[in-house]
Every structure is written in structure tokens, then in C-alpha cells.
Undergrad: 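The structure follows.
All values derive from a computational prediction rather than experimental measurement. Nothing fancy with the numbering, it's 1 onward along the sequence.
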Amino acid sequence: MLTSKQRSKLRAQASAIEPIFQIGKGGVSEAMIQDLSRALDARELIKITVLKNSDLDPKETVNQLAELLFAEPVGAVGSKIVLYRYSKKKKEHVPLD
């Protein structure tokens with residue numbers, strides 16, 4: 001569980017990264033979940049765009065994805081979603097403090 005201070009720091013770090021996935025009208029598939037999991041293992045902090053043609057609400061989707069991926073929801077602002085998951089595979093970790 002992230003503290004509000006850690007979440008704030010992660011949001012600030014996420015502002016500098018580009019979205020690496022897009023969720024469109026097809027929604028979230030099992031293949032996308034696997035790709036997101038691999039991305040979290042490699043990066044720890046990822047940003048996703050929910051396209052306008054999608055029926056999904058970003059604020060609801062961030063929590064659903066976090067649950068499916070065993071990740072922490074960092075935030076959902078506008079059409080952007082940010083997720084964080086600590087990775088044991090990564091040598092250098094995203095600083096939380």
C-alpha cells in the first residue's frame with residue numbers, strides 16, 4: 001500500500017513518461033493484461049491512455065487494472081492512467097522516498 005507522499009512522488013515521475021499502451025473500444029483483453037504485467041516487471045511505473053472511443057472510465061479502469069495486475073493505482077487524470085508495481089527483476093528501482 002502506497003502512502004499519499006509516495007503516490008504524489010510517483011505521479012510527479014509519471015508526468016515525464018510517455019504512455020506505452022492504449023485502451024480503445026475493444027477494452028482490455030487477456031493479452032493486454034499479460035503485456036501490461038511484463039511492462040510493469042520491466043519499468044515498475046507505466047502510463048496508459050484510455051482513448052475517447054473506449055466505453056471505459058479511466059477512474060474505474062485504473063482500479064480494475066491494479067487489481068488484475070497486483071499493482072498500485074497511482075492515479076487517473078483525464079484519459080491517462082498510471083500504475084506502479086515493485087519488480088524483483090529490475091536492478092534499479094523507481095525511488096519512492
Side-chain angles (χ1 to χ4, degrees):
M1 188 76 168
L2 294 174
T3 64
S4 61
K5 185 177 179 180
Q6 290 171 328
R7 195 177 310 281
S8 176
K9 186 160 184 146
L10 287 172
R11 266 196 303 268
Q13 292 174 21
S15 68
I17 64 174
E18 292 295 318
I20 59 170
F21 286 95
Q22 294 179 340
I23 299 174
K25 68 179 181 179
V28 179
S29 66
E30 185 62 36
M32 180 180 279
I33 295 294
Q34 292 172 357
D35 290 342
L36 288 169
S37 184
R38 282 192 287 269
L40 283 165
D41 283 340
R43 300 175 182 227
E44 292 185 331
L45 185 66
I46 61 170
K47 189 185 284 187
I48 304 163
T49 301
V50 179
L51 300 175
K52 292 185 190 297
N53 66 353
S54 174
D55 294 334
L56 301 175
D57 176 44
K59 293 184 192 229
E60 292 174 9
T61 305
V62 70
N63 293 322
Q64 292 169 349
L65 286 175
E67 190 175 315
L68 289 169
L69 294 164
F70 304 102
E72 292 288 335
V74 175
V77 177
S79 63
K80 306 291 188 228
I81 292 174
V82 180
L83 292 171
Y84 169 79
R85 183 174 74 192
Y86 181 82
S87 173
K88 294 178 183 174
K89 297 178 183 179
K90 191 172 178 191
K91 292 181 182 177
E92 290 186 31
H93 299 284
V94 174
L96 293 176
D97 297 324

Undergrad: In Å and rounded to the nearest 0.5 Å, what is the CG to CE distance from Leu69 to Met32?
TA: 11.0 Å
Undergrad: Report whether Tyr84 and Leu65 are members of the same hydrophobic cluster (ILVMFWY, side-chain heavy atoms less than 4.5 Å apart, transitive linking).
TA: no
Undergrad: Side-chain heavy atoms nearer than 4.5 Å, only ILVMFWY residues, links allowed to pass through others: does that put Val82 and Leu40 together?
TA: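 No, no single cluster joins them.
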Undergrad: Do side-chain atoms of Ser8 reach the backbone of Ser4 as a donor and acceptor pair under 3.5 angstrom?
TA: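 Absent.
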Undergrad: Closest approach of Ala76 and Pro58, non-hydrogen atoms and distance?
TA: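 What the structure gives for the nearest pair is CB-O, 3.7 Å.
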Undergrad: Are Asp35 and Arg38 close enough for a salt bridge, meaning some N to O gap below 4.0 Å?
TA: yes
Undergrad: Between atom CD of Gln64 and atom NZ of Lys59, what is the distance when rounded to the nearest 0.5 Å?
TA: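 Between atom CD of Gln64 and atom NZ of Lys59 there are 14.5 Å.
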Undergrad: Do Lys47 side-chain atoms and Ile81 backbone N/O form a donor-acceptor pair below 3.5 Å?
TA: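 Flag not set: sc Lys47 to bb Ile81 has no pair under 3.5 Å.
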Undergrad: Should Ile46 and Val74 be counted in the same cluster of Ile, Leu, Val, Met, Phe, Trp and Tyr side chains packed under 4.5 Å apart?
TA: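 Not linked; separate clusters.
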Undergrad: Within the distance-only criterion (no hydrogens, no angle test), does the side chain of Gln6 pair as donor or acceptor with the backbone N or O of Thr3 below 3.5 angstrom?
TA: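 A pair under 3.5 Å: yes.
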Undergrad: Could you tell me which residues satisfy side-chain contact (heavy atoms from CB on, under 4.5 Å) with Thr49, sequence neighbours excluded, listed by chain and number?
TA: Pro19, Gln22, Leu51, Ser79, Lys80
Undergrad: Is any side-chain N of the basic residue among Lys88 and Asp41 closer than 4.0 Å to the acidic one's carboxylate O?
TA: no
Undergrad: If you look at every heavy atom in Gly27 and Leu56, which pair is closest and at what distance?
TA: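 For Gly27 versus Leu56, the nearest heavy atoms are CA-CD1, 4.1 Å.
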Undergrad: What about Tyr86 and Leu10, same hydrophobic cluster or not, with Ile/Leu/Val/Met/Phe/Trp/Tyr joined at side-chain heavy-atom distances under 4.5 Å?
TA: yes
Undergrad: What distance do Glu72 atom CD and Arg85 atom CZ have between them, rounded to the nearest 0.5 Å?
TA: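 Separation between the atoms: 11.5 Å.
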Undergrad: Return yes when atom CZ of Arg7 has more than 12 non-hydrogen atoms of other residues, nucleotides or ligands closer than 6.0 Å, and no otherwise.
TA: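 Yes.
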Undergrad: Evaluate side chain to side chain contact (heavy atoms under 4.5 Å, CB included) for Ile48 paired with Leu36, printing each intermediate quantity in order.
TA: CA-CA 9 Å; Ile48 304 163; Leu36 288 169; 3.6 Å; yes
Undergrad: Assess the side chains of Arg43 and Ser87: does a donor N or O sit below 3.5 Å from an acceptor N or O?
TA: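 There is no such pair between these side chains.
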Undergrad: Would a hydrophobic clustering, with Ile, Leu, Val, Met, Phe, Trp and Tyr connected at side-chain separations under 4.5 Å, put Leu83 with Leu2?
TA: no
Undergrad: CD1 of Ile17 to CD of Gln13: how many Å apart, nearest 0.5 Å?
TA: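 Interatomic distance, Ile17 CD1 to Gln13 CD, rounded to 0.5 Å: 9.0 Å.
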Undergrad: What heavy-atom pair brings Gly75 and Val62 nearest, and what distance separates the two atoms?
TA: O-CG2, 3.8 Å
